[in-house]
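Worksheet for the structure shown next.
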Amino acid sequence: MQDDTCYLKRKVKTCGLDVHPTEKALVVQYEVEASILGETGDHMLGERKDGHKIIRVKSLSPSTDVGALARKVVEECKLIPLSCLPQVEQLLYYLQNRKSPSGEVERKERRAVKPRELTPFEGMELNEEASITRVDEYVELLYEGIPEKIRGSALILQLARNPDNLEELLQNETVLGALARVLREDWKQSVELATIIIYIFFCFSSFSQFHAVVSHYKVGALCMSMVEHELKRYTLWQEELHKKSKACESDPENGSLRREQDKALRKYRGLLGKQEQLFRVSLYLLLNLAEDTRTELKMRNKNIVSLLVKVLERDDEELLVLVVSFLKKLSIFLENKNDMAEVDTVERLARLVPCDHDDLLNLTLRLLLNLSFDSGLRAKMVEVGLLPKLTALLGDANNRQVVICTLYHISVDERFRVMLAYTDCIPQLMQMLYEHGEEKINPELISLCINLAANKRNAQLMCEGNGLKMLMKRALKLKDCLLMKMIRNISQHDGPTKQLFVDYVGDLAAQISAEEEEEFVLECLGTLANLTIPDLDWELVLKEYNLVPYLKDRLKPGSAEDDLILEVVIMIGTVSMDDACAAMLAKSGIIPAIIELLNAQQEDDEFVCQIVYVFYQMVFHQATRDVIIKDTQAPAYLIDLMHDKNAEIRKVCDNTLDIIAEYDEEWGRKIQSEKFRFHNNQWLEMVESRQAEDAEPYLYDNDRTDLYYSADGITPADGSVSPDFYRDLQPQNGDSHLAGSSPGRPATAYGFRPDEQPYYQYT
């Protein structure tokens, strides 16, 4: 060995120190140089390799003595020379004052919260110490009575709890086979024996390479059978205890009944403790085996979800940690999630929020987050009263993030947003936004705020005090698109909230330029477009910030993303409410640009509806009305859209055309003619379809003639009789049916009476 060391030289050189980018840790960069020396000490061969070591300082807090901690780090890490002590101290001081990227209290290092390791159960520890050399003697005890089997299995358990013994126990073919046989045959006779043997197999299940062995002996299936059996026994115990309690209540003076009840209660508690020990070890073993999704599927087919949810009724916190961990693992699969929905999982979990056990609370919240992706389960969470409980946990730094994510999912549904207005959720969220300062806001937090701002009551709460001022100041300073989206949602609500934005119109208009980021401009434009405030001087705003050229340029198809172009159209519709603004836009040539955009986007209903609304606003004003009617083909486009399949488009078109028809006779006749033609076509189609479907004879058979209105009179539907034969159908003898009809309304004439006065019916 000494000869080898004479020819091998290893040198470690520290290259640098830095802080870890996300964790509370120092990073030591070093270089290892290995050299092979000849007999005379000459360098023959060498190799260099870079490496790094992470030194985590989890105990670092605002009250930590940085100098003492730095000395301890240098003493324990041989890679850091003593000369680097001042640098280490400086880096630790930086870590002590560094805020987390999200602006919140530094989160704990991400780790999966797992159930604690199982410990020996009460009453199962032996005074003697097991030896691996005597394992055959312990196996012999498994062929004796129940007490000997318990002793033998307990001694084997002592050995199995040491991982170094597992391989040797596995090589002894009789050990596991004998244990599995005893478990199958005697588990109903002794809960203690079953618990010990399952614990032995649990020790094997803790290592993936032994899962096949555990599955070979079908221990997992046995565990599920035992849990199911014990749950039924638990129900029977409760019923028996309830009967004894009821008997005591009916005869409180009977001492014998009271003693029986006390005895039954003590027995019940003892059995409950043993049963929960069995549940813990059995379910932990199943959780380990569920590492393989194929095994997990087998468990699902045996109704594992229902069993776990029933165990949620228990009060043992360690058992609950295990059960919730298992359910959380299962919940990532759709089928398991659906099973949980059927067995009232949310109701059982609701009682655990909040609780004093930190790990149990965190696991429960994470399980609820997984379940909240389902709309039905979100509704169930609200129904069982989880909303106020969740909002109360926003102040808990350890669970804040998962609570925000869950509330975000709940806020997706409009029905539940208003409910959050009656909790202390909004003030807490606004405080979080304020505390972020100039740091980037956590995306889940701002997403939740955006959803909540879509509700009027929530928006009012957000604006209370200096809420809106704080939001506007931060959004404009940092050009934060998501925060501006939240402000845009607030601005859509009518009432006092919208009036608050008058002070910020200039600030928003100043952002509308080609130099700004398009996404940010879109949100600012959307906010301005929402400000349908009658007293607002839009003409002054357009002139002062020179917005007309920008709006006109962005109307060109392809000049920007469709979302931005649509917001420009909406903005034009908003400012067109002002007479002077409408005239300014008309003179700028913006109307032909809008018509060109209508041609390009005629398949997009949203674009079409908003463009038609712009025309609707402009025809109110004399200056723009004349331009639209005389200098453009906008009325013709509106006539084409009058019968669009979209109801909103039809409604806006009809209102716009009614105004045009009122002010221009020529277009009025064209519009009336088109309405006549359309209604008559519809009437004919309806009559033909009814005739095809209904073969019954008419009431007046040969005397019946279908008539409909045209632009120049009345003509028969079938053309068999000349219109002159019937004369002009005018109201006679006080008949007001025709006089009250609207143009194009179909009429059915059922022949003429002897006095040649027609009688007819409208449909």
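Just so you know, these numbers come straight off a predicted model, no measurement behind them. Hydrogens, waters and symmetry mates are skipped; everything else that's a heavy atom, side chains included, is used.
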Of all heavy-atom pairs linking Arg351 and Arg314, the shortest is NH2-O, 2.5 Å
Correct closest heavy-atom pair for Leu272 and Tyr234 would be CD1-CE1, 3.3 Å
Of Ile446, Leu448, Leu452, the one forming a side-chain contact (heavy atoms from CB on, under 4.5 Å) with Ile450 is Ile446
ask   = Backbone N or O of His409 within a donor-acceptor pair of the Arg378 side chain at under 3.5 Å?
value = yes
Got a donor-acceptor contact below 3.5 angstrom from the Ser282 side chain to the Phe279 backbone?
no
Q.
For Leu483, is there any backbone N or O sitting under 3.5 Å from a side-chain donor or acceptor partner on Asp480?
A. yes
In short, Arg294 meets Asp292 closest at the heavy-atom pair N-OD1, 3.0 Å
Met486 and Cys449 have their tightest heavy-atom pair at SD-CB, 3.5 Å
For this session: Give a yes or no on whether the backbone of Ala453 and the side-chain of Asn489 come within a donor-acceptor separation of less than 3.5 Å.
Result: no
side-chain contact (heavy atoms from CB on, under 4.5 Å) with Arg400: of Asp396, Val402, Ile404, Val403, only one passes, and it is Ile404
_Residue Gln96 excluded, over 12 heavy atoms near CD under 6.0 Å_ = yes
- Query: Is the backbone of Val28 close enough, under 3.5 Å, to the side chain of Lys53 for a donor and an acceptor to pair up by distance?
  - Reply: no
task = Output yes when a side-chain donor or acceptor of Tyr138 lies under 3.5 Å from a complementary backbone atom of Ser131, and no otherwise.
result = yes
side-chain contact (heavy atoms from CB on, under 4.5 Å), that's the test. Do Leu17 and Leu91 meet it? Break it down for me. CA-CA 8 Å; Leu17 283 169; Leu91 293 174; 3.8 Å; yes
Any idea how Tyr217 and Phe201 line up, ring-wise: parallel (<30°), tilted (30 to 60°), or perpendicular (>60°)?
tilted
| When you measure from the side chain of Gln275 to the backbone N and O of Glu230, does any donor-acceptor pair fall under 3.5 Å? | yes
Next on the checklist: Could you check whether any side-chain N or O of Lys329 sits under 3.5 Å from a backbone N or O of Ala290, counting only pairs where one atom can act as donor and the other as acceptor?
Outcome noted: yes
Flag for Glu168-Asn165: side-chain donor and acceptor within less than 3.5 Å: no
Fill in: Donor-acceptor contact below 3.5 Å, side chain Thr391 vs main chain Cys425
no
message = Donor-acceptor pair, distance only, cut-off 3.5 Å: does the side chain of Glu148 make one with the backbone of Leu141?
response = no
Exactly one of Leu319, Leu312, Leu361 clears side-chain contact (heavy atoms from CB on, under 4.5 Å) with Val324, and that residue is Leu312
